[in-house]
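Here is the structure we will look at, set down as structure tokens.
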Amino acid sequence: DKSVIALDYFLPAGVEIEEHFHDWIEFTLVVKGEQHIIVDDIKYILTDGDFIMVDYNEIHSSYTVKPTNKLTIQFKNGFVENYIPEFDSTKIYCNTSAIKDSFDHQTYLTIIELYCFMFRAFSKKSLNPDGDFYGFFHLFFYTVMKYCETASEKEKQRVVQNIYIAQILS
């Protein structure tokens, strides 16, 4: 399916990925290592077990500080919304840097666990890959929608910027 891409990959230290954007929502889990990701001019330092979402058309870049193993899943614009119509990525802030207390920590552990199950199913490493993928896909996104929603002024501004980017692209 060209609407979902799952990548399990290793990057040596010193790899730089230049500023770019794409019409995909991207979730990345750093399994081991250290990668610095800059999203809309905000720098996030991801180390072992850290997780981040990069929204459709967000300008981002990254570089590895240490050798880094990552699991990344990208969903083409519209794919998630096709299965979960109430999903609105502009209202989601999903990043382990947002952890403030033990409840947040437990919530992120649940999100990461569902993410790994979804990744495993997509990679055809489960007994019923298609059924498992869509089951974990729904659980993952509903959990993200429930616990990672935000409506801050910064996010509202980002929504407007994404609309302009989408208009320019079309």
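Within the 4.5 Å cutoff, the side chain of F133 has heavy atoms near those of the V4 side chain. Side-chain contact between C148 and Y108: present, with at least one pair of heavy atoms (C-beta onward) separated by less than 4.5 Å. Counting heavy atoms from C-beta outward, I73 and I5 have side chains that stay 4.5 Å or more apart. In this structure, the side chains of D55 and I92 stay at 4.5 Å or more apart for every pair of heavy atoms. In this structure the side chain of F119 never reaches within 4.5 angstrom of the side chain of F140, judged on heavy atoms. When side chains are defined from C-beta on, M53 does not count as touching N95, because their heavy atoms never get closer than 4.5 Å.
A distance-only check finds no donor-acceptor pair linking the side chain of N69 to the backbone of V30 [under 3.5 Å]. Without hydrogens or angle criteria, T64 side chain to V15 main chain gives a donor-acceptor distance under 3.5 Å. Checked by atom type and distance alone, the side chain of E113 never pairs as donor or acceptor with a backbone atom of T110 at under 3.5 Å.
Checked against ring pair (Phe, Tyr, Trp, His ring centres under 6.0 Å), H36 has the following partners two or more places apart in sequence or in another chain: Y63. When the salt bridge (charged side-chain N to carboxylate O under 4.0 Å, His left out) test is applied to D48, the partners found at least two apart in sequence or on another chain are K32.
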Verdict with reasoning, F75 to F87, per side-chain contact (heavy atoms from CB on, under 4.5 Å): CA-CA 13 Å; F75 299 91; F87 178 73; over 6 Å; no

